[in-house]
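So that the names make sense, note that chain A is the first sequence line, chain B the second, and so on, each numbered from 1.
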Amino acid sequence: MSEHPRAPDTPPAANFVRELVLADRAKGDFGGRVQTRFPPEPNGYLHIGHAKAICVDFGIAEEFGGICKLRFDDTNPETEETEYVDAIVDDVRWLGFEPGEPLYASDYFEQLYQWAEHLIATGFAYVDDQDAETISAQRGGYGRPGVESPFRSRDVEENLDLFRRMRAGEFADGAHVLRAKADMQHDNMQLRDPIMYRIRHEHHHRAGDAWVLYPTYDWAHGQSDAIEGVTHSLCSLEFDSHRALYDWYLEHLPLPGDQPRQIEFARLELTHTVTSKRKLRELIDDGLVDGWDDPRLPTLRALRRRGYPPSAIREFCEFIGVGKTNSRHQIELLEWFIRNQLNRTAPRRMTVLHPIKLVITNWPDGRTEMMTLQNNPEDPADGIRDVPFTGELWIEADDFMAEPSPKYYRLSPGSEVRLRGAFFVKCTGFETDGQGRVAEVHCTYDPETRGGNSSEGRKVKATIHWVSTAHAIDVRVALYDRLFTADVPGERTGEPLDDLNRNSKTVVDAKAEPAVAAAAPGQVLQFERLGYFAADGAERSLFHRTVGLKVEWANIQKRPK
RNA sequence: UGGGGUGUGGUGUAACUGGCAACACAGCAGAUUCUGGAUCUGUUAUUCAAGGUUCGAUUCCUUGCACCCCAACCA
């Protein structure tokens with residue numbers, strides 16, 4: 001792992017979860033043990049928001065010498081699939097954590113059932129015959145008490161009988177539910193006799209057809225924690241009001257060990273993107289992006305394809321900390337961590353995205369010379385390579401201006417620049433095509449500057465990249481812009497898609513130096529002066545722009561004259 | 001409408017449980033540079049509001065205000 005931007009000997013940033021765990025240990029709770037879990041529902045792919053949760057869940061456990069397990073919260077057979085299970089395990093591992101053998105809430109269905117009977121027997125649960133609408137209406141509202149179900153006083157024997165027959169499959173979906181007998185007057189709506197079981201004649205991705213009775217999240221979650229020996233059950237803020245119910249269930253059960261503690265923290269949100277499963281799915285289903293691994297998406301699969309190093313994502317997550325404040329981090333900060341990492345590790349190559357021809361008029365006809373360039377000036381250990389140089393090169397269209405604006409110090413008539421690692425060249429003229437666009441730039445080179453330095457100490461203000469036209473290889477480069485133009489997609493209208501950037505992807509045909517052909521699938525290169533680019537995992541010669549370099553020039557142009 | 005949570009520069013996060021409000025990103029200025037990158041130096045800017053307690057309040061008290069979550073047989 002690379003070094004953290006924080007000074008190495010400063011203690012880890014304060015973090016309220018860490019402090020709560022510390023306090024529990026000081027009290028001797030849980031026998032000093034720390035165990036957490038990462039509990040995704042296998043109904044979609046993991047995204048950057050999950051990455052933070054994973055870092056927190058695994059991170060806290062690791063920090064205290066405890067363990068963290070991956071548990072699938074697969075209590076709803078309608079939406080869950082094995083495909084997602086495999087992808088999630090894979091993503092967790094890619095991020096850099098060892099999920100071990102995954103656990104499944106569905107493996108606890110029998111124990112959950114037994115505990116449900118225990119609750120019935122002790123008078124804390126009952127079978128309700130009413131439909132969802134009626135139950136919802138009886139629940140009351142904010143500031144209005146609920147009214148009790150007419151089935152609430154059903155006796156234990158009848159409840160037990162009905163519940164067993166529910167399990168046996170005697171009833172249709174929705175005919176009965178099992179409810180906790182808590183408090184219909186409670187200020188916290190979660191405690192107004194919540195549903196524990198619903199009947200679903202549905203195939204389960206793991207349990208198969210063994211059950212028609214499925215536990216709800218609230219009934220399954222804390223109990224699963226208890227079964228596994230979880231000590232600290234970390235979840236996101238919206239479950240705050242569920243904590244009372246989490247505790248209620250646990251307090252009414254003969255637990256095998258200590259009662260786990262739920263702690264809520266703020267999830268990660270980023271500007272210019274969305275993480276809701278519904279929106280993500282919509283983008284894909286409507287063909288607005290090319291699939292779950294489209295590099296514009298915040299899914300882990302997409303970020304991986306785009307070339308984001310997992311270690312940089314982890315550093316980012318550690319850096320932003322853990323708190324209870326709802327907030328949205330600027331995507332620029334994440335990108336800073338990505339660049340910071342890649343700058344040290346990505347080999348440099350030259351690729352011209354928008355080529356125009358540069359002709360060196362005093363270069364000997366037909367001559368090729370090999371220029372030696374460092375693979376990474378930030379890491380001399382990365383070695384050197386030879387790049388073929390000739391009298392006809394591709395250079396970036398942006399690197400020439402027929403009428404240079406103030407402060408522009410690349411190529412323009414009469415100016416001299418350095419061709420990276422090669423020679424100084426002086427512009428002597430240019431040709432335009434029929435529409436007045438620059439088609440070809442002419443220059444002369446100074447043979448005394450071979451390697452890129454003038455012997456008499458002459459300086460140039462700019463260095464540009466180049467590719468010999470005779471040796472260039474053709475590559476396709478996908479340039480990505482923000483998927484959403486607004487910081488907070490949907491903030492104005494309530495509909496994120498209203499802020500969709502319709503031009504978030506541009507694919508250009510580019511010219512690259514020969515060494516680019518050797519890029520391994522997934523490898524990230526720095527195309528000099530342009531940014532970082534990841535070789536596609538499947539399509540050779542396709543590169544995805546991971547992130548651009550910072551462009552000072554853009555700021556210069558923005559400044560008032 | 002009842003309950004719960006949260007408010008610190010432009011953004012995000014800290015401040016040893018009352019003692020000079022700090023760090024990072026972004027911005028600006030300069031140095032340096034064979035990437036207008038990176039690096040280095042400097043710099044602008046912050047405690048939701050109003051009261052109170054106190055020698056002293058981001059921290060404690062009171063009252064407001066703003067935002068988020070909760071009335072799925074989703075998680």
> For A:Val547, which contact category applies under a 4.0 Å heavy-atom criterion: base, sugar-phosphate, or nothing?
Replying inline: nothing
>> Can you check the distance between B:rU11 and B:rA45, where both ends of the measurement are the C1' atom (answer in whole Å)?
In response: 12 Å
>> Taking only side-chain N and O atoms of A:Ser241, does any of them lie within less than 4.0 angstrom of OP1 or OP2 on B:rG5?
In response: no
>> One character per nucleotide, please: for nucleotides 27-33 of chain B, 5' to 3', B when the base has a protein heavy atom closer than 4.0 Å, S when only the sugar-phosphate does, - otherwise.
In response: SSS----
> Below 4.0 angstrom from OP1 or OP2 of B:rG36, is there any side-chain N or O of A:Arg420?
Replying inline: no
>> Considering every strand and a 4.0 Å limit on heavy-atom distances, what is the contact class for A:Gln374: base, sugar-phosphate, or nothing?
In response: nothing
> With sugar-phosphate meaning primed atoms plus P, OP1 and OP2, does A:Asp131 contact a base, only sugar-phosphate, or nothing at under 4.0 Å between heavy atoms?
Replying inline: base
> Is any side-chain heavy atom of A:Trp219 less than 4.5 Å from a side-chain heavy atom of A:Leu119?
Replying inline: yes
>> Using a heavy-atom cut-off of 4.0 Å across all strands, would you classify A:Gln130 as base, sugar-phosphate, or nothing?
In response: base
>> I'd like the C1' distance from B:rG9 over to B:rU58, given in whole Å.
In response: 14 Å
> Could you give the distance from NE2 (A:His50) to NZ (A:Lys52), rounded to the nearest 0.5 Å?
Replying inline: 13.0 Å
>> Given B:rG37, B:rC74, B:rG12, identify the nucleotide with an atom nearest to the side chain of A:Leu549.
In response: B:rG37
>> Please tell me if A:Ser136 has a side-chain N or O lying less than 4.0 Å from either OP1 or OP2 of B:rC73.
In response: no
> Looking at the rings of A:Phe484 and A:His272, which for Trp means the six-membered one, are their centres under 6.0 Å apart?
Replying inline: no
>> What is the separation between atom CD on A:Glu133 and atom C1' on B:rA71, rounded to the nearest whole Å?
In response: 14 Å
>> I need the minimum non-hydrogen distance between A:Tyr532 and A:Arg339, along with the two atoms involved.
In response: OH-O, 4.0 Å
> Roughly, in whole Å, what's the span from CZ in A:Arg18 to C1' in B:rA14?
Replying inline: 12 Å
>> Walk me through whether A:Asp446 and A:Ser454 qualify under side chain to side chain contact (heavy atoms under 4.5 Å, CB included).
In response: CA-CA 9 Å; A:Asp446 177 356; A:Ser454 151; 5.7 Å; no
>> Need to verify one output field. Residue with the more 5' nearest nucleotide on RNA chain B, A:Ile464 or A:Ser327?
In response: A:Ser327
> For A:Arg529 and B:rG36, is the shortest distance between a side-chain N/O and OP1 or OP2 below 4.0 Å?
Replying inline: yes
> Would A:Tyr408 and A:Trp553 count as a close aromatic pair, with their ring centres under 6.0 Å?
Replying inline: yes
>> Let's test your reading of the model: under 3.5 Å, does the base of B:rA24 pair with the side chain of A:His329 as donor and acceptor?
In response: no
>> Is there, by distance only and without an angle test, a donor paired with an acceptor across the side chain of A:Arg348 and the base of B:rU35 below 3.5 Å?
In response: yes
> When rounded to the nearest 0.5 angstrom, what distance separates OH in A:Tyr197 from CZ in A:Arg167?
Replying inline: 8.5 Å
> Looking across every strand, which nucleic acid part, if any, lies under 4.0 Å from A:Leu333 by heavy atom: base, sugar-phosphate, or nothing?
Replying inline: sugar-phosphate
Polar atom pairs (N or O), protein with nucleotides 43-49 of chain B, under 3.5 Å:
none

>> From CZ of A:Arg349 over to P of B:rU35, roughly how many Å is that when rounded to an integer?
In response: 17 Å
> Within the structure shown, what part of the strands sits under 4.0 Å from A:Asn343 by heavy-atom distance: base, sugar-phosphate, or nothing?
Replying inline: base
> With a 4.0 Å cut-off on heavy atoms, is A:Arg179 in touch with a base, just the backbone sugar-phosphate, or nothing at all?
Replying inline: nothing
>> Nearest whole Å is fine: how far is B:rC23 P from A:Trp336 CH2?
In response: 15 Å
> Within the structure shown, what part of the strands sits under 4.0 Å from A:Tyr532 by heavy-atom distance: base, sugar-phosphate, or nothing?
Replying inline: nothing
>> Under 4.0 Å between a side-chain nitrogen and a carboxylate oxygen: does that hold for A:Glu528 and A:Arg349?
In response: no
>> Can you tell me whether the side chain of A:Glu332 and the base of B:rU11 have a donor-acceptor pair closer than 3.5 Å?
In response: no
>> Within the 4.0 Å heavy-atom criterion, would you say A:Arg144 contacts the bases, only the backbone, or no part of the nucleic acid?
In response: base
>> side chain to side chain contact (heavy atoms under 4.5 Å, CB included) for A:Glu396 and A:Ile464? Distances and angles first, verdict last.
In response: CA-CA 8 Å; A:Glu396 211 65 64; A:Ile464 66 174; over 6 Å; no
> Just wondering, do A:Leu530 and A:Leu549 contact through their side chains at under 4.5 Å, heavy atoms?
Replying inline: no
> Say you pick atom P in B:rG10 and the same atom in B:rG27; how far apart are they, in whole Å?
Replying inline: 16 Å
> Heavy-atom count around A:Glu552 CD within 6.0 Å, excluding the residue itself: above 12?
Replying inline: yes
> How is A:Lys461 classified with respect to the nucleic acid when contacts are heavy atoms under 4.0 Å: base, sugar-phosphate, or nothing?
Replying inline: nothing
>> Could you tell me how far apart A:Tyr104 (OH) and B:rA75 (P) are, to the nearest whole angstrom?
In response: 18 Å
>> Taking syn as a glycosidic torsion within 90° of 0 and anything else as anti, which one is B:rA50?
In response: anti
>> Using a heavy-atom cut-off of 4.0 Å across all strands, would you classify A:Thr79 as base, sugar-phosphate, or nothing?
In response: nothing
>> Within residues 212-224 of chain A, which residues have any heavy atom lying less than 4.0 Å from an atom of RNA chain B?
In response: A:Pro215, A:Thr216, A:Tyr217
> A:Lys324 has an atom NZ; how far is it from atom C1' of B:rU8, in whole Å?
Replying inline: 19 Å
> Is there a side chain to side chain contact (heavy atoms under 4.5 Å, CB included) between A:Asp379 and A:Arg344 once you walk through the steps?
Replying inline: CA-CA 7 Å; A:Asp379 179 16; A:Arg344 296 187 297 253; over 6 Å; no
> To the nearest angstrom, how far is A:Phe337 atom CZ from B:rC23 atom C1'?
Replying inline: 11 Å
> Would the A:Phe239 and A:Tyr217 ring centres measure less than 6.0 Å apart?
Replying inline: yes
> Only one of A:Arg37, A:Arg261, A:Arg243, A:Glu264 forms a side chain to side chain donor-acceptor pair (under 3.5 Å) with A:Ser233, so which one is it?
Replying inline: A:Arg37
>> I want to confirm an ordering. Mapping A:Arg243 and A:Glu41 to their closest nucleotides on RNA chain B, which one lands closer to the 5' end?
In response: A:Arg243
> Which value, in whole Å, describes the distance between the P atoms of nucleotides B:rG18 and B:rU13?
Replying inline: 24 Å
> Can you check the A:Asp379 CG to B:rG37 C1' distance for me, whole Å?
Replying inline: 16 Å
> Below 4.0 angstrom, N of the basic side chain to O of the carboxylate: do A:Lys69 and A:Glu228 qualify?
Replying inline: no
> Only one of A:Lys277, A:Glu80, A:Glu81, A:Arg281 clears side chain to side chain donor-acceptor pair (under 3.5 Å) with A:Asn43; which?
Replying inline: A:Lys277
> How is A:Glu528 classified with respect to the nucleic acid when contacts are heavy atoms under 4.0 Å: base, sugar-phosphate, or nothing?
Replying inline: base
> Are any of A:Arg339's side-chain N or O atoms less than 4.0 Å away from OP1 or OP2 of B:rU39?
Replying inline: no
>> Distance check, P atoms only: B:rU47 and B:rU59, in whole angstrom units.
In response: 12 Å
> Heavy atoms under 4.0 Å, any strand shown: does A:Arg328 hit a base, just sugar-phosphate, or nothing?
Replying inline: sugar-phosphate
